[in-house]
Amino acid sequence: MRTFDEVGRGGGDAWFAVADPATGETCGEAPDLRPDQLDAVVDRAHRAWSGWRADAAARTHALRGAADAVEAAGDDLARLLTREQGKPLAESYAEVARTAARLRYFADLAPRTRRISDGRPVRSEVRWRPVGPVAAIVPWNFPLQLAAAKFAPALAAGNTVVLKPSPYTPLATRLLGSLLAAVLPEDVLTVVTGREPLGARLASHPGIRHVTFTGSVATGRAVAEGAASSLARVTLELGGNDAAVLLDDVDVEGIADRLFWAAFRNCGQVCMAVKRVYAPARLHAEVVEALALRAKSVAVGSGLDPDTRIGPVNNAPQLARVAELTGRALADGARAAAGGHRAAGPGHFFAPTVLTDVPPGSAVVTQEQFGPVLPVLPYGSVDEAVAAANGTGFGLGGSVWGTDLDRAEAVADRLECGTAWINHHAELSLAQPFAGIKDSGVGVAGGPWGLYGNLRPFVVHRPEEP
């Protein structure tokens with residue numbers, strides 16, 4: 001594996017600064033690769049593909065070694081991740097551990113040949129072949145974990161990968177690249193960094209056969225359009241606006257901590273975080289009070305401070321969006337039971353916010369705020385709550401909370417989303433599929449489905465022996 005800085009700092013090659021969101025100060029630099037330099041990168045990935053795809057045992061060994069390398073460098077990776085992303089150090093350690101676990105999981109996963117019997121004197125076998133060089137374009141909220149979610153199954157399937165992290169969080173990914181260089185063959189996995197239009201050029205590059213992207217709906221559509229120019233396969237995870245529906249038998253105090261952290265982990269910058277809560281009208285005030293109490297008392301600060309539980313918003317544009325959506329809701333009549341404003345001092349901090357009296361059509365309800373802001377809305381009937389939960393263009397995840405599990409499951413079955421949880425939210429096994437519907441994406445990640453998404457069927461027919 002290589003990180004693309006062979007060009008060095010000479011000859012006019014550009015680098016760009018990366019800011020620490022807790023201070024606003026520069027915490028590192030990364031190469032600003034020109035789009036025209038991608039041709040050489042993709043060409044090398046294609047040439048490396050023939051050797052990598054030919055030896056499944058070598059791939060397994062290499063990916064296990066990659067997992068070991070990630071774990072051995074956990075301290076360095078976690079601290080650098082916190083500095084550029086902002087999340088508390090404990091969450092960075094968890095992300096590093098998840099990255100290693102995903103590599104180890106896919107190292108031991110292999111496609112199965114299937115024999116088809118249809119009554120003819122012919123033996124038909126469905127075998128699986130890798131698709132070719134894969135482009136993995138990763139956002140800034142979980143740079144390492146989401147990178148591994150893309151490159152681990154692609155590599156296990158026998159593909160090579162060109163990985164582009166967000167320009168807001170390239171540093172830990174570049175460190176990951178240098179760590180894995182000792183265990184992965186050269187050009188099997190290449191990390192490229194840079195600002196736009198680098199991502200657009202990568203997505204539309206004619207040498208790329210599969211584009212896997214996580215990010216906004218608008219950018220996802222542009223990625224799909226670019227990939228269509230070469231008929232490349234696409235897997236798009238485009239975020240969500242997950243609803244949590246609380247039933248009238250819910251134990252509010254019993255679930256309040258889990259519900260709060262399902263919304264506010266990583267400062268709310270989680271695609272499958274709870275972003276709307278629907279509570280029965282008679283319990284609405286109690287739910288608001290329980291969540292607001294936690295929002296007011298939680299420790300907010302630099303992720304490097306061991307007492308911090310919620311860090312900053314990652315970047316200035318996202319902070320501005322969170323502030324704008326909150327301000328519009330307040331102007332429309334919502335009330336902040338907690339927070340509702342930017343925090344004083346340097347850095348991209350926004351006070352953990354719980355909103356009540358929010359108009360149902362407010363943008364903070366219908367759009368994905370992707371920050372530490374949670375509207376809590378009352379409902380009169382379960383039918384009304386389900387209709388509201390399903391009433392946006394998103395369909396990533398959702399959850400139902402209550403004491404009667406059979407009843408909760410029946411309600412969860414009515415949610416229009418890819419994953420529904422009962423009495424918890426945003427918890428995924430490495431072995432399960434992860435996919436959204438509607439504007440939340442195209443394709444499937446996770447488990448065997450993620451592996452097969454990086455393969456194509458190859459069918460062989462031969463006559464049966466007489």
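Just so it is clear, the values below take in all heavy atoms, side chains as well, and ignore hydrogens, waters and symmetry mates. Sequential numbering from 1 along the given sequence is applied to the chain's residues. Predicted model, so just to flag it, every value in this text is computed and none were measured.
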>> So, using side-chain contact (heavy atoms from CB on, under 4.5 Å) as the criterion, who are the partners of Ala336 when residues are at least two apart?
In response: Leu330, Leu355

>> Surrounding CD of Gln145 (heavy atoms of other residues, nucleotides or ligands, distance under 6.0 Å), is the total greater than 12?
In response: yes

>> Between Asp242 and His425, do the side chains contain a donor N or O and an acceptor N or O under 3.5 Å apart?
In response: yes

> How far apart are the C-alpha atoms of Val382 and Arg414, what are their side-chain angles, what is the distance that settles it, and do they pass the side-chain contact (heavy atoms from CB on, under 4.5 Å) test?
Replying inline: CA-CA 11 Å; Val382 171; Arg414 299 170 61 189; 4.1 Å; yes

>> Please find the pair of heavy atoms, one from Arg59 and one from Trp52, that lie closest to each other, and give the distance.
In response: NH1-O, 3.0 Å

> Considering all heavy atoms of both residues, which atom of Leu38 and which atom of Arg201 are nearest to each other, and what is their separation?
Replying inline: CD1-CG, 3.5 Å

>> Given 3.5 Å as the limit, does a donor-acceptor pair link the side chain of Asn159 with the main chain of Asn454, or not?
In response: yes

> Between Arg102 and Glu95, does at least one N-O distance fall below 4.0 Å, as a salt bridge requires?
Replying inline: no

>> Under a 3.5 Å distance rule, please check whether Thr60 uses its side chain to pair with a backbone N or O of Ala107 as donor and acceptor.
In response: yes

> Which atom pair, heavy atoms only, marks the closest approach of Val298 to Pro352?
Replying inline: CG1-CG, 3.8 Å

> Do Arg98 and Leu428 come within less than 4.5 Å of each other through their side chains, counting heavy atoms only?
Replying inline: yes

Quiz: residues 147-157 side-chain donor-acceptor pairs under 3.5 angstrom, not counting sequence neighbours:
unit_1	atom_1	unit_2	atom_2	d
Lys150	NZ	Thr212	OG1	3.1
Lys150	NZ	Thr214	OG1	2.8

> Looking only at atom types and distance, does a side-chain atom of Asn314 sit under 3.5 Å from a main-chain N or O of Glu84, one as donor and one as acceptor?
Replying inline: yes

>> Any side-chain to backbone donor/acceptor pair from Ser440 onto Gly239? Under 3.5 Å, distance only.
In response: yes

>> Gln85 vs Asn266, test: side-chain contact (heavy atoms from CB on, under 4.5 Å). Steps then yes/no.
In response: CA-CA 9 Å; Gln85 202 283 330; Asn266 196 25; 3.3 Å; yes

>> How about CZ on Arg79, more than 12 heavy atoms from neighbouring residues, nucleotides or ligands closer than 6.0 Å, or not?
In response: no

> Is it true that Glu71 and Arg104 have a side-chain N and a carboxylate O under 4.0 angstrom from each other?
Replying inline: yes

>> Rounded to the nearest 0.5 Å, what separates atom CG in Leu283 from atom CD in Glu289?
In response: 12.5 Å

>> Donor-acceptor pair, distance only, cut-off 3.5 Å: does the side chain of Thr308 make one with the backbone of Ser302?
In response: yes

>> Rounded to the nearest 0.5 Å, what separates atom CG in Asp68 from atom CG in Leu63?
In response: 11.0 Å

> Which pair of non-hydrogen atoms, one from Phe142 and one from Lys87, has the smallest distance, and what is that distance?
Replying inline: CD2-NZ, 3.3 Å

> Is a donor on one side and an acceptor on the other found under 3.5 Å between the side chain of Arg233 and the backbone of Leu455?
Replying inline: yes

> Does Gln432 reach the main-chain N or O of Ser429 with its side chain, forming a donor-acceptor pair under 3.5 Å?
Replying inline: yes

> Is the number of heavy atoms from other residues, nucleotides or ligands within 6.0 Å of CD (Glu324) greater than 12?
Replying inline: yes

>> Please evaluate residues Tyr93 and Asp75 with respect to the criterion side-chain contact (heavy atoms from CB on, under 4.5 Å), reporting the C-alpha separation (whole Å), side-chain torsions for both, the decisive distance (0.1 Å), and the verdict.
In response: CA-CA 8 Å; Tyr93 276 108; Asp75 288 345; 2.7 Å; yes

>> Please determine whether a side-chain nitrogen of the Lys or Arg among Glu368 and Lys275 lies less than 4.0 Å from a carboxylate oxygen of the Asp or Glu.
In response: yes

>> Can you tell me how far apart OG (Ser178) and CG (Asp76) are? Round to the nearest 0.5 Å.
In response: 9.5 Å

>> Could you report the tightest heavy-atom contact between Pro448 and Tyr105, atom names first, then the distance?
In response: CD-OH, 3.5 Å

> Below 4.5 Å, heavy atoms only, C-beta onward: do Gln367 and Asn241 meet side chain to side chain?
Replying inline: no

> How far does CZ of Arg265 sit from CZ of Phe260, to the nearest 0.5 angstrom?
Replying inline: 13.0 Å

>> With rounding to the nearest 0.5 angstrom, report the OG1 to CG distance, Thr99 to Leu146.
In response: 8.5 Å

> Are Leu180 and Leu176 side-chain neighbours, meaning at least one heavy-atom pair lies under 4.5 Å?
Replying inline: yes

> To the nearest 0.5 Å, how far apart are CD in Glu91 and CG in Leu89?
Replying inline: 10.0 Å

>> The test is side-chain contact (heavy atoms from CB on, under 4.5 Å); show your working for Arg328 and Val364 and say whether it passes.
In response: CA-CA 8 Å; Arg328 284 168 59 186; Val364 80; over 6 Å; no

> Is there a donor-acceptor contact under 3.5 Å from the side chain of Arg258 to the main chain of Asn423?
Replying inline: yes

> Would you say Phe16 and Pro170 make side-chain contact, with heavy atoms under 4.5 Å?
Replying inline: yes

> Hey, does Trp140 have a side-chain heavy atom less than 4.5 Å from the side chain of Gln318?
Replying inline: yes

> Side chains of Leu247 and Val400: closer than 4.5 Å at any heavy-atom pair?
Replying inline: yes

>> Between Ser216 and Thr219 (side chain of the first, backbone of the second, donor and acceptor by atom type, cut-off under 3.5 Å), is there such a pair?
In response: yes

> Distance-only, no hydrogens or angles: does the His284 side chain make a donor-acceptor pair with backbone N or O of Val376 under 3.5 Å?
Replying inline: yes

> Is any side-chain heavy atom of Thr353 less than 4.5 Å from a side-chain heavy atom of Val322?
Replying inline: no

> What closest approach, in Å, do Thr82 and Gly303 show between heavy atoms, and which atom pair accounts for it?
Replying inline: CG2-C, 3.6 Å

> Should Leu430 and Phe106 count as side-chain neighbours, where that means a heavy-atom distance under 4.5 Å?
Replying inline: no

> Do other residues, nucleotides or ligands put more than 12 heavy atoms under 6.0 Å from the NE2 atom of His61?
Replying inline: no

